[in-house]
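Reviewing the structure listed below.
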Amino acid sequence: MGVAGSAESVIAALDGAPVGFALVDRELRLVHANARLAEWVGGDAAGRLMREIPALAEVPAQVAERALAGTPILDEHVSGRTGRPILLNAFPVLSDDGAPTGVIMTLRDMSDWSLERAHLEQLATIASRLAAAATPEEVAEITADAGIEAIGASAAAVLLVRRSGTPLEIASARGSSAETLDEWQRIDRDTEVPVAQVVRDRAPVFMRRDDAVRDHPAVGTPSDRHHAWAALPLESHDEVRGALALSFTDAGSIEPSERPAMLALAALCGQALERASLARDIALANDRLRLLADASDVLSETLDYERTLQQLAELAVQRLADWCTVTIVEGGEIVDVAVAHADPEQVALVRRLQQEYPQDPDAPNGAPAVIRSGRTEYIPEIPDELLVAVSPDERILGILRDLGLRSVITAPLIARGRTLGALSLVLAESGAMYQPADVELAEDLANRAALAIDNARLYRERSQIADTLQASLLPPVLPDVPGFDVAARYRPGGDGVTVGGDFYDVFPTGDGRWLVAIGDVCGKGAPAATLTGVARHTARAAAMDDPEPVHVLASVNAALLRTDTANDLRFCTAAVGLLEAGSPSRIAVARAGHPPPLLRRADGTIEELGINGTLLGVYEDPELGSQKVAIGPGDLLLFYTDGVTESWWNAGGEQRLADTLRTLGSDVSAADAAAQVERMALAGAGSTSDDLAILVLRAL
Amino acid sequence: VSNTAFRIERQDADGRVVFGLHGELDLGAEAEFRRRVDPADADGTVVLDLSELSFMDSTGLRLLLETDTRVRAAGGRCVIVRGNGVVHRVIAQGMLESRLEVVDDLAALN
C-alpha cells in the first residue's frame, strides 16, 4: 500500500501536466491516471487493466511489462493505431528490497512536436524537388538523396511495389555495396525483413543492432559499419507504394527526436509517388491511344499484310513489348509471319528456331491454343514450369530461360467471327509485367490486325476472281497471223478487283482470212463482264458463218439485245476488221459507235478506217457499213478503246495518239508500238480509271 | 472543281419537264441523275438539256439512252438539247443523232 500511496500523491500533483502519466501495479492495472491520460484513452481509466483499454493494450502494455523486469524503458517510439506518434517512458517502482511492485509510465503525444528548423528547411526543399518529379523513378532518386543529405543516413534505398501483388524492387539506392544491392534487388512481401514488414504493417520500424539481430534474423548479420536502421512505409491515401530503408553508423540517429524528419520524408515521398504514378497512368493512356492510331496507319498503308504485320510487330516492340510475334493460319497451317525485337540478332535466332520447330497446332499454350479457343491468354508472370512444359527439348528450354521471358499476352486475331491467327506480346529483359489493362490494348491491336488481314485476303480473292474472269474474255495467246506482226496491251482500269468491259480478239475465219475485233462494253464489273463474254463469243461464232464485219457486228447486236441485263440498259461499241493477206493485203472495217482504228502508212500518213455505225445492244436495226483498204509493207494498224484517248475529249488525246503513231519508226515492232501507245495513254490520262485495250498489227 | 460538279435544275412549264444538266455527266453523276430525273412524273414531254454540260462519257450516254427508252415506252416524247462539241461527240460517235430527238436549243422546241 505504501508505495502506491506515495506514488499516487506524486501523480496527483502532475494531473495538469501536458504529458500522460499513469501508475500501474504488477497486474498492469491502472492505479492512477492523470487527466491528460484519461483524455487520451477516452475516459477514466483508473482500476482497469491496461489490456482492456484499446489505446494501451498493445505496445504500452508490453513496455510496462518490460519495465516490471526492473529496467527503465526510455523513449520507446510508438506509432499507435490511432495514427498519432507516441513517445513512451516506463520506470519500475521498486519496493525497499528492490523488487518491482509497479510501473510509472509517461506517454507523450509527439504529433505536436515542432521539427527542428534546419530539418524543416531541408524538408521544404525536398518537397519542392519531389513536386517536380515526373516519374516514380525520379521520386525514388530524390528520396534516396534526401535520406543521405537531409536525414544523415550513410545508406539509403527506396524500394517500390511496381504493381499490386509484385515484390518490392529497389528503385534507387545510395551508399550500398553492389553485392548488397544484388542481394536485395527484389524482395517478396511476405519475407521477414523490415522493409517487407513495414509494407505489410504500414508502420515504421526503427532498430538498433541488437533489435536487428533479435527481431530480424532473416536479414542476416548486419554490417559492422551500421548501428541503427529505419524502415518506413511509403504510402498515400490507402495504398502502400514501397518502403524507405535507411542505415546509420550512429545508434543515436534513430532517437525519437530524429524520427519525425524521417517520417516526414517518407510521407512526402509517398505523396509524390502517388502523383507520379497518376501522371504515368495518364501518359500511358495517351501512349496507348497513339499506339493504336499508329497501328491503324500502318495497317491501312498496304494490302501486303505479311509486310504490314511485321511493321505492326515492330511498332509494338517500340512501345509495348520486348517481343512481338504474329502467327496466322494459312492453308490450315499455323505460320509465324512476324517477329520483332529491338535486337536483330535475337530476331534471327527466333526465326531460325521457328523454322526448326514448327508450331504444334495442338499445343496447350500460346498461339495454337489461342487460335483454337479464340480467347486471349494472359500470363502476368511466366513460371519456369511453363517454360519446361512448352520446350520440346533441353536446348530450347535453355534458350527460353536465357531470353528471360517474364510476362505474356497472346490475343486472337478475329475478323467476321473467324480466328485468323494470334498476336503475342512478351515482356522479358525490360523486367516489366503486363497488367489487366494491357490485355485490352493487346486485344484492340489484334482486332485491328485481324481486320487488315481479312480485308487484304478478301481483296486478293476478289482480285483473283477478276483476273480469271478477265482472262476468259481475252485470247490467252495471240495467234501468228501470216504476213503480220501482232501485239496487244490490256490494262483493266480502277482498283484491280473490278472486271473491265474492254475486249479484243484475233482469230482465223477458216477460209484463210483473219478477223480482228475490239470492243468496249459500257460499265464495269460482273454485268459488263457477262456482256463482254457474249460479244466476244458471238463475234467468233458469227464469223464462222459469215466473216463480213457488218454481219459480225449485227450478230453481236442481236445477241446483246437477247441478253438479260436485269433491266439495265447496256451497250457496247466495237470495231471489226476482216484481214485478207495477199499482194496487197486488204482489210475491211466496220464500226459500231467505236473510235476508228488508225492506219499509219509506211510514209507516216495516218488514216481512219471503216464506216461508223450505231452502237450495239440498244436498237434492233443498227445502221452499219464497212470499208476496205489496201495495206502495204510497213503499214501499221491500230485498234484501240477509248481508255487510250479518254482525255482527248478534254485535252486533245486523239491528236497525241496520232502524233505518237507518227513518231514510231517504220520498222517498229508491233509490241513496241503497243507499248508506246500505252505509255502515251497513261501519261495523258494520269490514271487508269478506265480500261484500255490496244491491238497493233504491222504488215511485214 | 465546283464547275465540274454535276447538278440538275428542273423546270416544269407548258406541259413539259426540262432537266437542265450541269457539270460532268459520268459515273460520279449517276446516282444524282437517277434520283432527280424521273420520267414517270413527266406529263408528255421530257427535255434533257445538255447545253450546260462540260463533259459526258459512256455512263452519261447510257443514262440518256435509258431515259429516252423509258419515256418512249410510256408513250411520251424525249428531247435532247444539244451539248457542246465534246458532249455531242459522244452522241454522234454512237450514231445516235438519227435515233434520238436532238434539237439545237430550247427555243427550237416550239
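The basis for the numbers below is simple: all heavy atoms, side chains too, and nothing from hydrogens, waters or symmetry mates. A note on names: the letters A, B, ... follow the listed sequences, proteins ahead of strands, and every chain is numbered from 1.
Between Phe571(A) and Leu96(B), the closest side-chain pair of non-hydrogen atoms is not below 4.5 Å. In this structure the side chain of Leu63(B) never reaches within 4.5 angstrom of the side chain of Leu569(A), judged on heavy atoms.
Across every non-hydrogen atom of Cys522(A) and Ser58(B), the tightest pair is SG-O, 3.7 Å. For the pair Pro622(A) and Arg99(B), the tightest heavy-atom approach, listed with the atom from each and the gap, is CA-NH2, 3.6 Å.
For the atom pair CG of Asp642(A) and CD of Gln93(B), the computed distance is 7.5 Å after rounding to the nearest 0.5 Å. In this structure, Met95(B) CE and Ile611(A) CD1 are separated by 9.0 Å, a value rounded to the nearest 0.5 Å.
For Thr614(A), the parts lying under 4.5 angstrom from a heavy atom of chain B are both the backbone and the side chain. Neither the backbone nor the side chain of Leu27(B) comes within contact range of chain A, judged by heavy atoms closer than 4.5 Å.
Ion pair Glu66(B)/Arg570(A) not flagged as a salt bridge, since none of the NZ, NE, NH1 or NH2 atoms sits closer than 4.0 Å to an Asp/Glu carboxylate oxygen.
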Discussion item. Is there a side-chain contact (heavy atoms from CB on, under 4.5 Å) between Leu65(B) and Tyr619(A)? Walk through the geometry before answering.
Written reply: CA-CA 10 Å; Leu65(B) 289 174; Tyr619(A) 303 103; 3.4 Å; yes
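Taking a 6.0 Å sphere around CD of Gln11(B), one finds it holds 12 or fewer heavy atoms contributed by other residues, nucleotides or ligands.
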